[in-house]
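First comes the structure, then the notes that go with it.
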Number of protein chains: 2
Amino acid sequence: MADVAAAAGVSAMTVSRALRRPDTVSEEVRARVEEASRRLGFVPSRVASALASARTMTVAVLIPSLTNAVFIDLLAGVQETLSPQGYQPLVGITGYGPEAEERVLRTQLAHDPDGVILTGLDHTPGTWDLLRGLTIPVIHTMDLAAEGEHSDCPVQTVGFSQYDAGYAVGAHLAARGRRRIGLIAGQLDPRTRQRCDGWRQALRDAGRHDAALELMVPDATSVALGAELLERTLATHPDTDALFLCNDDLAQGALFQCARLGIPVPERLAVAGFNDLAGAAWTVPPLTTVATPRRAIGVEAARLLIAGMADRTPKSRENPRRVDLGFRLMVRETT
Amino acid sequence: MADVAAAAGVSAMTVSRALRRPDTVSEEVRARVEEASRRLGFVPSRVASALASARTMTVAVLIPSLTNAVFIDLLAGVQETLSPQGYQPLVGITGYGPEAEERVLRTQLAHDPDGVILTGLDHTPGTWDLLRGLTIPVIHTMDLAAEGEHSDCPVQTVGFSQYDAGYAVGAHLAARGRRRIGLIAGQLDPRTRQRCDGWRQALRDAGRHDAALELMVPDATSVALGAELLERTLATHPDTDALFLCNDDLAQGALFQCARLGIPVPERLAVAGFNDLAGAAWTVPPLTTVATPRRAIGVEAARLLIAGMADRTPKSRENPRRVDLGFRLMVRETT
DNA sequence: GGAGCGCATGTTACCGCTAACAAACGAGGC
DNA sequence: GCCTCGTTTGTTAGCGGTAACATGCGCTCC
């Protein structure tokens, strides 16, 4: 920067100003600095800038996994919103564990991010302590804080009601006249559990809940797992006439297995998935599922964060916001 | 750090040493510093550390897209290898464009990463200039530099031969006795083109190439696109008896569409995909495809990079390395 | 015609840590 | 008993920018 300053015949401070806020220097100086800067191939060091200005222009983004398309879409939304504003996402993978999350968060915080985006609300007490102590904005995604909850520590959430979405599926299957409605779930994170809770309540409200038809396993969801669990369900409860699979990859696996076993869908078995992942509209038959606004959640979380990072007065942290982006039941042909 | 130093009764420098290289201080001092550090909740600022030591402990990772599972797997491999070593990946999305790549690389370089991982070898002259000027290690992935190529600028590549993989599929379809073998490709990046080139050569070697059976479109691949392009192919060339789809999502879409149209696979039409994405083994019938070592490429690239970053003498950049991790033709039932 | 003001630029003092060198100290060798 | 050497700790001087304040200058205004 000193070299550029010398070449342009100004002070280093003026170079810094000319490049960051061109409107604060005279047109003539701006041009000279830009020319010198380009000619010398000057790239300002963000590290030094960060140290001097106490802004790193980075945002910590913690997601459970890279292999689940849901969080990739979330990340894509965050990334495409932050990037144009000059923010660099620092991706951290928590592996669905609150303890790992705390560990990852600690290492991310050492990088002094200007904001934090977390997945879910299921954090360790240590994580909550950390968050309480932060002076940077924090957004929780994919879930909504219950009204009044976390009153000791105002939180900003962007997501949708997993419970309501699960309820909607249960109610839909019941409304289709199904009597023996089963559940298949993997990857039992808090959000999956809430979906299951909603589904269960819907069936209870319809008077058709049978706990024996619930099959919940901790394994990561996959097409293979869906196929396997479908077989297991039909082996133990051959009279099952409808199934809610808590993620579309499970549902796709189940559909494949039905095709293989010659089970007509939806005539003999109705199938509903969750998330409306890529391809769900193209399965045979097209899959009924719940479209979730994952990318939009990422975009909105990033927007809120940018707003919070812009005004450095932490007043915005006072008013907890709760952005409900909803969900849509996509009724297709498997039900 | 000054506070910790005071609390432990030592100098700041000793605190720094005690925390970074515990073996260089006495046992007693180490314990006192650790205790004080913990008690005060001290978290060293990586920004300041980076500025003083000229190591940011970050690695720029540029991939074309977040919505293509291939690059997510690559990223996952990189991430899981870098993280335990204390490196933080900085993810940049290039959108498959060399110009965008150059732009993203420039902004990433402002963060002073200690290493760079790129996708492919298709860079702008400006990018090559940038890379030549760097004193940090750079790895190119998903492709292999031809022997002797880029002799002006030694490159390290980790990948497999896209050409050979395409050739293997073409040869396989020909060996199955198919006569009218078509091609469907989307997302025409250089790697896709190489696969197509290999496939084409295989068919020529078998005396069965017909350019009219090639359908190449620039759109991003998807299940929907596969279904659509299958129909288009059959409409114009109903005698097609085998198809290579350059990515598994296309192939899955084609399989779905075949099921819908009542076209028996593989009896009337053989189908081969590429990448062995999740679920390929579970389609109906299970999909013949090429398993590509995406995660392994990420792991190996990160390993090489770590080695290069460890010895700060840039001698390792002199010897271009070329790590071929191969591919596997997964013959299943669609062929 | 001089006070007062606004704008453009310069000066100073850090941001929080670490490389490099200096100093202090005890142990071993002759 | 003195010198050399290795080990541990301290001192100094930045790393490359930017916040905050200071300065200089041309104008307007009464």
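Each chain gets a letter, A, B and so on, in the order its sequence line appears, and its residues count up from 1.
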Round to a whole Å and report the spacing from CG of B:Asp112 to C1' of D:dG17.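 B:Asp112 atom CG is separated from D:dG17 atom C1' by 12 Å.
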Starting at CZ of B:Arg55 and ending at C1' of D:dG16, how long is that distance when rounded to a whole Å?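 The distance from CZ of B:Arg55 to C1' of D:dG16 comes to 19 Å, rounded to the nearest Å.
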Which residues in residues 37-52 of chain A have at least one heavy atom lying under 4.0 Å from any atom of DNA chain C?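 A:Leu51, A:Ala52 - these, ordered by number, are the residues of the stretch whose heavy atoms sit under 4.0 Å from the strand.
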How would you list, by chain and number, every residue that makes a salt bridge (charged side-chain N to carboxylate O under 4.0 Å, His left out) with B:Asp112, sequence neighbours excluded?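 Salt bridge (charged side-chain N to carboxylate O under 4.0 Å, His left out) list for B:Asp112, sorted by chain: empty.
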Contacts of type salt bridge (charged side-chain N to carboxylate O under 4.0 Å, His left out), residue A:Arg20, not counting sequence neighbours: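 Counting only residues at least two positions away or on another chain, A:Arg20 forms no salt bridge (charged side-chain N to carboxylate O under 4.0 Å, His left out).
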Pairs where residues 68-124 of chain A contributes a residue and the test ring pair (Phe, Tyr, Trp, His ring centres under 6.0 Å) is met, not counting sequence neighbours: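 Those involving residues 68-124 of chain A are A:His123-A:Trp128, A:His123-A:His140.
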A:Glu27: partners by side chain to side chain contact (heavy atoms under 4.5 Å, CB included), with sequence neighbours left out: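 Per chain and number, A:Glu27 pairs via side chain to side chain contact (heavy atoms under 4.5 Å, CB included) with A:Arg30.
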Quick check on contacts: within residues 25-35 of chain B, what sits under 4.0 Å from DNA chain D by heavy-atom distance?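 Result for residues 25-35 of chain B: B:Val25, B:Ser26, B:Val29, sorted by number.
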Let's see if you get this right: which residues in residues 11-22 of chain A place a heavy atom under 4.0 Å from DNA chain D?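 A:Met13, A:Ser16, A:Arg20 - these, ordered by number, are the residues of the stretch whose heavy atoms sit under 4.0 Å from the strand.
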If you define the side chain from C-beta out and look only at heavy atoms, does anything of A:Val116 sit under 4.5 Å from A:Gln108?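 No, their side chains stay 4.5 Å or more apart.
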By side-chain hydrogen bond (donor to acceptor under 3.5 Å, both in side chains), which residues pair with [X], not counting sequence neighbours?
X: A:Thr127; result: A:Thr124
X: A:Ser49; result: none
X: B:Arg294; result: B:Asp73, B:Thr292
X: B:Ser83; result: B:Gln79

Roughly how bent is the helix from C:dG1-D:dC30 to C:dC30-D:dG1 end to end, in steps of 10 degrees, with each end axis from five pairs?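 Computed from the C1' atoms at both ends, the axes differ by 40°.
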So, A:Glu300 and A:Arg303, do they make that salt bridge, N to O below 4.0 Å?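 Yes.
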Value rounded to 0.5 Å, distance of [atom1] in [X] from [atom2] in [Y]:
X: A:Met142; Y: A:Leu121; atom1: CE; atom2: CG; value: 12.0 Å
X: B:Ile72; Y: B:Ile63; atom1: CD1; atom2: CD1; value: 5.0 Å
X: B:Thr141; Y: B:Leu74; atom1: OG1; atom2: CG; value: 4.5 Å

